[in-house]
Number of protein chains: 2
Amino acid sequence: MPDRAPVAAPVPAGDPAAAFARHDHARCAATAREVTARACAERGLRLTEIRARVLAILCESHAALGAYDVLDRLREDGRKAQPPVAYRALDFLVVNGFAHRIERLNAYIACGHPGDDHAPAFMICRSCRRVAECAAPAAAAALSPQAAAMGFEIERVVVEAEGVCPDCRASARETGGETGA
Amino acid sequence: MPDRAPVAAPVPAGDPAAAFARHDHARCAATAREVTARACAERGLRLTEIRARVLAILCESHAALGAYDVLDRLREDGRKAQPPVAYRALDFLVVNGFAHRIERLNAYIACGHPGDDHAPAFMICRSCRRVAECAAPAAAAALSPQAAAMGFEIERVVVEAEGVCPDCRASARETGGETGA
DNA sequence: AAGTGCAATGTTACAGGGTAACGTCATGCC
DNA sequence: GGCATGACGTTACCCTGTAACATTGCACTT
Ligand SMILES: [Zn+2]
Ligand SMILES: [Zn+2]
Ligand SMILES: [Zn+2]
Ligand SMILES: [Zn+2]
């Protein structure tokens with residue numbers, strides 16, 4: 001499902017709420033690609049053609065894409081790509097903080113703050129698969145005391161909220177039915 | 001990897017830290033099964049033979065088991081079970097709050113507070129796959145303001161911390177090497 | 001220029017996780 | 001008996017992910 005009209009911009013493109021609100025998505029996507037390219041240049045990382053293409057595919061919308069969705073898109077370009085091609089590019093983007101894996105969906109999204117070192121939390125719409133990336137250091141921090149108490153060393157925290165986005169709630173209300181697609 | 005010696009009980013069996021500490025696991029497992037059985041009786045849920053068996057399998061250790069691990073165990077009983085048999089039993093347990101799915105691992109554990117309505121967070125050892133279930137309402141609550149601000153309706157929050165448990169940290173130190181198995 | 005090393009990509013083949021769909025069977029109710 | 005319901009049995013898939021190895025291209029050495 002495509003995002004809503006990417007014309008007006010009542011919400012700035014970097015805002016977490018952008019995923020579920022009207023915003024200038026062309027600018028949103030272009031910024032993400034440019035910032036990532038710059039970060040790669042600064043850090044000596046090679047943003048190869050395939051990697052850049054996969055990032056562009058993820059940037060096309062705020063919906064999470066499965067690795068095989070990405071693979072299909074690569075094949076539409078005329079490549080005869082096999083699964084490892086998609087997975088390797090996705091791994092590169094995730095490891096370097098330019099994309100995120102959504103565990104709940106086994107899927108991927110472009111990062112909203114590429115290059116920055118951040119502790120993201122995600123709001124996942126179970127109806128349209130769009131995902132908003134929020135900063136929620138408090139959520140992860142809440143676990144530290146308990147981890148320390150039991151001697152557990154935390155390396156990474158996954159925080160994913162599943163629910164229904166404003167658009168899909170509105171759609172459900174119109175049809176009077178459930179919140180499904 | 002089996003749990004450590006289930007003899008002494010420096011930690012009470014219901015404690016979140018039990019997953020990574022010496023405790024009376026026989027008692028720990030028996031309690032989980034009994035509480036679940038009682039909750040089913042009270043609520044008119046049918047804890048059938050297969051469901052009870054799957055719960056017992058999950059209760060055998062604090063390590064997360066994949067659906068196919070559970071299936072293999074069912075087959076060892078002499079059943080000729082197919083995947084849906086395991087998935088249906090696991091779904092029953094998860095939906096009714098007697099087990100949890102660990103998204104990060106695509107795997108399952110028995111619930112530490114079966115029947116109670118709770119907002120669990122998990123500490124997952126990436127080395128031995130054991131999982132501690134903690135109560136961390138603060139982690140989920142930290143997302144509410146942002147969700148409200150963007151009109152997102154949260155239905156469920158996944159909080160999973162990945163890291164290394166005390167035992168595996170100790171093992172790594174002994175061998176001077178990395179924290180792998 | 002030839003040789004060497006490394007990172008990225010191409011390709012095959014498979015393992016692991018999950019479900020739709022349909023048939024069967026037992027239970028309980030009218 | 002007739003019927004609805006919920007659980008289980010079975011088949012046949014689809015989606016997700018990776019090990020392993022061949023190849024390419026580029027940078028750096030000699
Ligand atoms: Zn956007
Ligand atoms: Zn939505
Ligand atoms: Zn135990
Ligand atoms: Zn461990």
Side-chain angles (χ1 to χ4, degrees), chain A residues 37 40-41 43-55 57-58 63-75 77-96 98-109 124 126 129 158 160 180-181, chain B residues 37 40-41 43-55 57-58 63-75 77-96 98-109 124 126 129 158 160 180-181:
Chain A
C40 284
R43 294 194 231 158
L45 298 172
R46 294 175 52 186
L47 187 59
T48 63
E49 190 188 342
I50 293 182
R51 291 167 179 175
R53 182 76 191 104
V54 170
L55 176 63
I57 289 168
L58 291 182
L65 291 183
Y68 279 67
D69 295 329
V70 172
L71 185 57
D72 288 343
R73 298 296 314 279
L74 289 176
R75 285 172 172 161
D77 295 354
R79 303 172 188 276
K80 294 163 196 162
Q82 296 301 312
V85 172
Y87 279 103
R88 287 194 283 234
L90 289 167
D91 282 350
F92 169 86
L93 295 172
V94 168
V95 165
N96 293 292
F98 306 133
H100 298 291
R101 175 181 165 84
I102 307 300
E103 300 293 342
R104 187 70 222 285
L105 300 176
N106 294 341
Y108 303 82
I109 60 169
I124 306 166
R126 65 170 162 76
R129 284 177 66 100
V158 173
E160 296 178 351
Chain B
C40 283
R43 296 194 231 156
L45 298 173
R46 295 174 53 186
L47 186 59
T48 62
E49 190 188 343
I50 293 182
R51 292 167 178 175
R53 182 74 191 104
V54 170
L55 176 63
I57 289 168
L58 291 181
L65 291 183
Y68 279 66
D69 295 330
V70 171
L71 185 55
D72 288 343
R73 299 296 314 281
L74 288 176
R75 284 172 173 161
D77 295 354
R79 302 173 189 276
K80 295 163 197 162
Q82 295 301 311
V85 172
Y87 281 103
R88 286 195 284 236
L90 289 167
D91 282 351
F92 169 85
L93 296 172
V94 168
V95 165
N96 293 292
F98 306 134
H100 298 291
R101 174 182 166 83
I102 307 300
E103 301 292 341
R104 188 70 221 286
L105 300 177
N106 294 340
Y108 303 82
I109 60 169
I124 307 166
R126 65 170 162 76
R129 284 177 66 101
V158 173
E160 296 178 352

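Residue numbering restarts at 1 for every chain, and letters A, B, ... go by the order of the sequence lines. This one's a predicted model, so the numbers in the text were calculated from it and none came from an experiment.
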Exercise for review: Look up atom CG in A:Leu93 and atom CZ in A:Arg101, then write down how far apart they are to the nearest 0.5 Å.
Suggested key: 14.0 Å
Practice item. Give the rounded distance in Å between these two atoms: OH of B:Tyr68 and P of C:dA15. Key: 13 Å
Exercise for review: Could you check B:Ala67 against A:Arg79 and say which one's nearest nucleotide on DNA chain C is further toward the 5' end?
Suggested key: A:Arg79
Exercise for review: Taking salt bridge (Lys or Arg N to Asp or Glu O under 4.0 Å) as the test, write out the residues that go with A:Glu160, two or more places apart.
Suggested key: none
Check your understanding: Given atom CG of B:Leu74 and atom P of D:dG9, what is their separation to the nearest angstrom?
Key -> 10 Å
Review point. Separation of B:Arg75 atom CZ from D:dG9 atom C1', in whole Å?
Key: 12 Å
Practice item. With sequence neighbours excluded, give me every side-chain hydrogen bond (donor to acceptor under 3.5 Å, both in side chains) pair touching residues 63-73 of chain B. Key: B:Glu60-B:Arg73, B:Arg73-B:Glu76
Review point. Heavy atom of residues 101-108 of chain B under 4.0 Å from DNA chain D: which residues?
Key: none
Exercise for review: For A:Asp91 and D:dT18, give me the distance from atom CG to atom P, rounded to whole Å.
Suggested key: 7 Å
Review point. With distance as the sole test, does A:Arg51 use its side chain to make a donor-acceptor pair with the main-chain N or O of A:Arg46 at under 3.5 Å?
Key: yes
Point to revise | Residues in salt bridge (Lys or Arg N to Asp or Glu O under 4.0 Å) contact with B:Arg53, at least two apart in sequence or another chain | key: B:Asp77
Practice item. Please state how far atom NZ in B:Lys80 lies from atom C1' in D:dC8, giving the value in whole angstrom units. Key: 15 Å
Review point. What distance separates B:Leu65 CG from B:Arg129 CZ, expressed to the nearest 0.5 Å?
Key: 7.5 Å
Exercise for review: Look up atom CG in A:Leu71 and atom CD in A:Gln82, then write down how far apart they are to the nearest 0.5 Å.
Suggested key: 7.5 Å
Check your understanding: For C:dT19, does either OP1 or OP2 sit under 4.0 Å from a side-chain N or O belonging to B:Tyr87?
Key -> no
Please tabulate the protein-to-nucleotide N/O contacts below 3.5 Å involving nucleotides 5-9 of chain C, giving atom names and distances.
| residue | atom | partner | partner atom | Å |
| --- | --- | --- | --- | --- |
| C:dA8 | OP1 | A:Arg51 | NH1 | 3.3 |
| C:dA8 | OP1 | A:Arg51 | NH2 | 3.4 |
| C:dA8 | O5' | A:Arg51 | NH2 | 3.4 |
| C:dT9 | OP1 | A:Thr48 | OG1 | 2.6 |

Review point. For the side-chain contact (heavy atoms from CB on, under 4.5 Å) test, which of B:Val95, B:Asn96, B:Val94 pairs with B:Phe98?
Key: B:Asn96
Practice item. Quickly work out the B:Gln82 CD to C:dA21 C1' distance and round it to whole Å. Key: 15 Å
Study note, to complete from the structure: B:Asp72 atom CG is separated from C:dG17 atom P, nearest whole Å, by 10 Å
**Study point:** Any residue meeting salt bridge (Lys or Arg N to Asp or Glu O under 4.0 Å) with A:Arg75, in chain and number order, not counting sequence neighbours
**Key:** none
